[in-house]
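Just so you know, these numbers come straight off a predicted model, no measurement behind them.
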Amino acid sequence: NSYGVTHSQFAFFKDRCSWRLTTKEGTKVLDFGWENWILNADNGKYIFPVPGRFDMPSQIAGTATWIDDNTLQLNARLVESMHGDKMTCRFKDGQFSAKFLNSVSEHTKDNLETREELRSV
């Protein structure tokens, strides 16, 4: 995949879910509060950057909610910028996929989301 993700793992806790992503640069963990924003301590570059947009280091605030039994929606806000991301994660039949929708594309008609979907292999 274009993100360089070699391993993806979710952990679910009472107050949050954690998404652990491994790339050749190392492992990054993003925490998302259950319908409550959690501020991640890391101040690094976002692992799913939008092409053509300046990729600046930022803390990420995250929130999560289950849409249905197989669909988890994650919302990430890059604290040091005005942008964010909505990730729709599907877990079905032992497979995983994540679709992305950046905040600019979500609110405009002429700036479509171009990032590829992240899928398990």
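Heavy atoms of other residues, nucleotides or ligands lying less than 6.0 angstrom from CG of Asp15 number more than 12.
Proximity of a side-chain donor or acceptor of Arg115 to a complementary backbone N or O of Phe48 within less than 3.5 Å is detected. Using modelled atom types, no side-chain atom of Glu117 and backbone atom of Ala98 make a donor-acceptor pair closer than 3.5 Å. Asn70 contributes no side-chain N or O that, together with a main-chain N or O of Arg90, makes up a donor-acceptor pair within less than 3.5 Å. Distance alone, capped at 3.5 Å, places no donor-acceptor pair between the Gln59 side chain and the Leu78 backbone. Between the side chain of Thr88 and the backbone N or O of Gln73 there is no donor-acceptor pair closer than 3.5 Å. Remark: side-chain polar atoms of Asp31 are not paired, donor with acceptor, to backbone N or O of Asn40 under 3.5 angstrom.
One distance of note links CG of Leu118 with OG of Ser97; it measures 8.5 Å at 0.5 Å rounding. To the nearest 0.5 angstrom, Glu113 atom CD is 11.5 Å from Lys99 atom NZ. A distance of 12.0 Å separates CZ of Phe96 from CD of Gln9, quoted to the nearest 0.5 Å. Annotation: the span from Ile67 atom CD1 to Cys89 atom SG amounts to 10.5 Å, rounded to 0.5 Å. The distance from the OG atom of Ser18 to the CG atom of Leu30 is 9.0 Å, given to the nearest 0.5 Å. Put simply, OG1 on Thr23 and NE2 on His7 are 12.5 Å apart, with the number rounded to the nearest 0.5 Å.
Between Asp85 and Arg77, the closest heavy-atom pair is N-NH1, 3.5 Å. Minimum heavy-atom separation, Pro49 to Tyr46: CD-O, 3.4 Å. When all heavy atoms of Trp34 and Phe13 are compared, the closest pair comes out as NE1-O, 2.8 Å. Across every non-hydrogen atom of Ser81 and Ser58, the tightest pair is N-OG, 4.4 Å. In plain terms, the two heavy atoms of Ala76 and Ile60 that are nearest each other are CB-CG2, 3.8 Å. Considering all non-hydrogen atoms of both residues, Gly4 and Asn1 come closest at N-OD1, 2.9 Å.
Counting only heavy atoms from C-beta outward, the side chains of Asn102 and His83 never approach each other to under 4.5 Å.
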| How far apart are the C-alpha atoms of Thr6 and Lys24, what are their side-chain angles, what is the distance that settles it, and do they pass the side-chain contact (heavy atoms from CB on, under 4.5 Å) test? | CA-CA 8 Å; Thr6 58; Lys24 65 181 179 182; over 6 Å; no
| request: Could you walk me through whether Asn43 and Glu80 pass the side-chain contact (heavy atoms from CB on, under 4.5 Å) test, one step at a time? | output: CA-CA 9 Å; Asn43 188 13; Glu80 280 86 8; 3.9 Å; yes
| Which is it for Asn75 and Thr63 under the side chain to side chain donor-acceptor pair (under 3.5 Å) test, yes or no, and what are the steps along the way? | CA-CA 5 Å; Asn75 292 296; Thr63 185; 5.6 Å; no
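Phe32 and Leu101 fall into different hydrophobic clusters, defined by Ile, Leu, Val, Met, Phe, Trp and Tyr side-chain heavy atoms under 4.5 Å apart, directly or through other members. A chain of hydrophobic side-chain contacts below 4.5 Å, direct or via other Ile, Leu, Val, Met, Phe, Trp or Tyr residues, connects Leu74 to Trp66.
Proximity of the aromatic rings of Trp19 and Phe12 is defined here by a centroid distance below 6.0 angstrom, and this criterion is not met. You'll find the ring centres of Tyr3 and Phe100 inside the 6.0 Å limit.
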